[in-house]
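Owing to the predicted nature of the structure, the values given are computational and were not obtained by experimental measurement. FYI, side chains are in, hydrogens and waters are out, and symmetry mates aren't considered; it's all heavy atoms of this structure.
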Amino acid sequence: VTVTVRPATAADIPRMHEIEDSAGELFEGWDLIALDTMALVAVTDHLAAIEAGLSFIAEVDGRAAGFVMGEMHGPDAYLHELDVDPAYQRRGAGAALVKAFVEAAKRQSAGAVYLSTFREPPWNAPFYARLGFREAPRGDYLPWMTAIEAEQAKLLDISTRVFMRIGIGRP
């Protein structure tokens with residue numbers, strides 16, 4: 001299976017929404033997300049990530065199979081969303097997307113890439129740990145991380161979540 005990664009475009013957003021919706025179904029039975037209350041990434045957020053050069057599509061056999069997107073927060077990058085269509089999972093698309101995002105953050109002189117994810121499902125924190133991300137101690141949360149957590153707390157049990165970090169530039 002050949003996975004290719006390319007920058008996302010505005011024309012990709014409808015497929016990105018389909019991928020996000022289908023990937024969300026993997027959480028059925030985990031009691032972590034009330035799927036009916038979770039909104040898809042807003043079109044405006046996708047457009048901002050595309051414009052910032054922090055949005056990528058993974059293609060398998062010419063079909064968009066997954067995406068990653070995020071934004072800069074001061075000197076650091078935040079990987080906001082990573083989703084792979086369940087029909088294409090376990091083929092390297094997720095890892096290729098994370099690598100592309102980290103490389104794009106490096107090009108923007110980011111010192112680190114952060115993300116927020118669930119601790120438990122194997123496709124969440126354990127997946128990122130295999131890629132070199134480590135848990136960010138709560139005492140090290142930056143103000144923007146605390147703000148993201150406060151937003152997440154409106155819909156999620158924060159005790160099931162973890163911020164993770166990979167250093168890519170300055171210490």
Side-chain angles (χ1 to χ4, degrees), residues 1-28 32-118 121 123-125 127-128 130-133 144-145 147-148 151-152 154-156 161 163-164 166 168-169:
V1 173
T2 303
V3 176
T4 56
V5 176
R6 63 169 174 79
T9 68
D12 292 314
I13 295 172
R15 176 67 181 136
M16 293 161 89
H17 278 158
E18 288 174 7
I19 292 166
E20 184 180 0
D21 193 46
S22 65
E25 294 172 11
L26 292 173
F27 286 97
E28 296 240 0
L32 295 170
I33 298 176
L35 293 173
D36 55 338
T37 64
M38 296 300 292
L40 297 176
V41 173
V43 170
T44 52
D45 292 342
H46 276 298
L47 291 171
I50 290 165
E51 187 173 313
L54 293 171
S55 182
F56 298 90
I57 295 285
E59 291 182 339
V60 175
D61 300 327
R63 171 111 168 115
F67 75 91
V68 65
M69 56 81 66
E71 63 265 354
M72 296 297 294
H73 284 276
D76 298 308
Y78 177 62
L79 192 160
H80 177 95
E81 188 80 22
L82 170 70
D83 289 304
V84 176
D85 185 317
Y88 295 97
Q89 290 181 354
R90 306 197 60 79
R91 299 184 194 184
L97 285 164
V98 171
K99 183 177 180 187
F101 186 88
V102 168
E103 289 302 316
K106 276 185 190 174
R107 288 192 298 276
Q108 296 193 26
S109 302
V113 173
Y114 288 88
L115 58 87
S116 175
T117 191
F118 288 104
W123 64 91
N124 276 212
F127 165 79
Y128 293 110
R130 287 192 301 276
L131 298 177
F133 284 80
W144 63 266
M145 295 163 72
I148 287 170
E151 281 303 305
Q152 292 176 347
K154 295 175 183 176
L155 295 171
L156 303 169
R161 307 280 298 170
F163 271 96
M164 299 182 81
I166 189 168
I168 58 172

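- Annotation: the span from F163 atom CZ to I148 atom CD1 amounts to 5.0 Å, rounded to 0.5 Å.
- Rounding to the nearest 0.5 Å gives a distance of 10.0 Å between CD1 of I13 and CG of D45.
- Residues I50 and M69 fail the side-chain proximity criterion, which asks for heavy atoms closer than 4.5 Å.
- The shortest heavy-atom contact between A64 and I57 is CB-CG2, 3.8 Å.
- In this structure, L131 and I166 have side chains that are not in contact, with every pair of non-hydrogen atoms separated by 4.5 Å or more.
- Side chain of E20 to backbone of E81: no donor-acceptor contact under 3.5 angstrom is found.
- A salt bridge links R6 and D12; the closest N-O separation between the charged side-chain nitrogens and carboxylate oxygens is under 4.0 Å.
- Nearest approach of L97 to G66, heavy atoms of both residues: CD1-C, 3.6 Å.
- The two residues A8 and M16 come nearest to each other via the heavy atoms CB-CE, 4.2 Å.
- Atoms NE2 and CG, from H17 and D83 in turn, are 10.0 Å apart once rounded to the nearest 0.5 Å.
- Taking 4.5 Å as the limit, every side-chain heavy atom of L54 sits out of range of all side-chain heavy atoms of Y78.
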- Query: side-chain contact (heavy atoms from CB on, under 4.5 Å) between V84 and R90: does it pass, once the steps are laid out?
  - Reply: CA-CA 9 Å; V84 176; R90 306 197 60 79; over 6 Å; no
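- Centroid-to-centroid, the aromatic rings of H46 and F67 come within less than 6.0 Å.
- The shortest non-hydrogen separation linking A104 to G53 is CB-O, 3.6 Å.
- Listed for the R161 side chain is a donor-acceptor partner under 3.5 Å among the backbone atoms of S116.
- The OH atom of Y128 sits 4.0 Å away from atom CG of L82, with the distance rounded to the nearest 0.5 Å.
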- Task: Evaluate the criterion side-chain contact (heavy atoms from CB on, under 4.5 Å) for residue pair R63 and Y88; output intermediate values, then yes/no.
- Result: CA-CA 10 Å; R63 171 111 168 115; Y88 295 97; 3.3 Å; yes
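- A distance of 4.5 Å separates CZ of R15 from CG of D85, quoted to the nearest 0.5 Å.
- In this structure, CD on E71 lies 7.5 Å from CH2 on W144, to the nearest 0.5 angstrom.
- In terms of heavy-atom proximity, A58 sits nearest to V3 at CB-CG1, 4.1 Å.
- Heavy atoms only, all atoms of each residue included: L47 and A10 are closest at CD2-CB, 3.7 Å.
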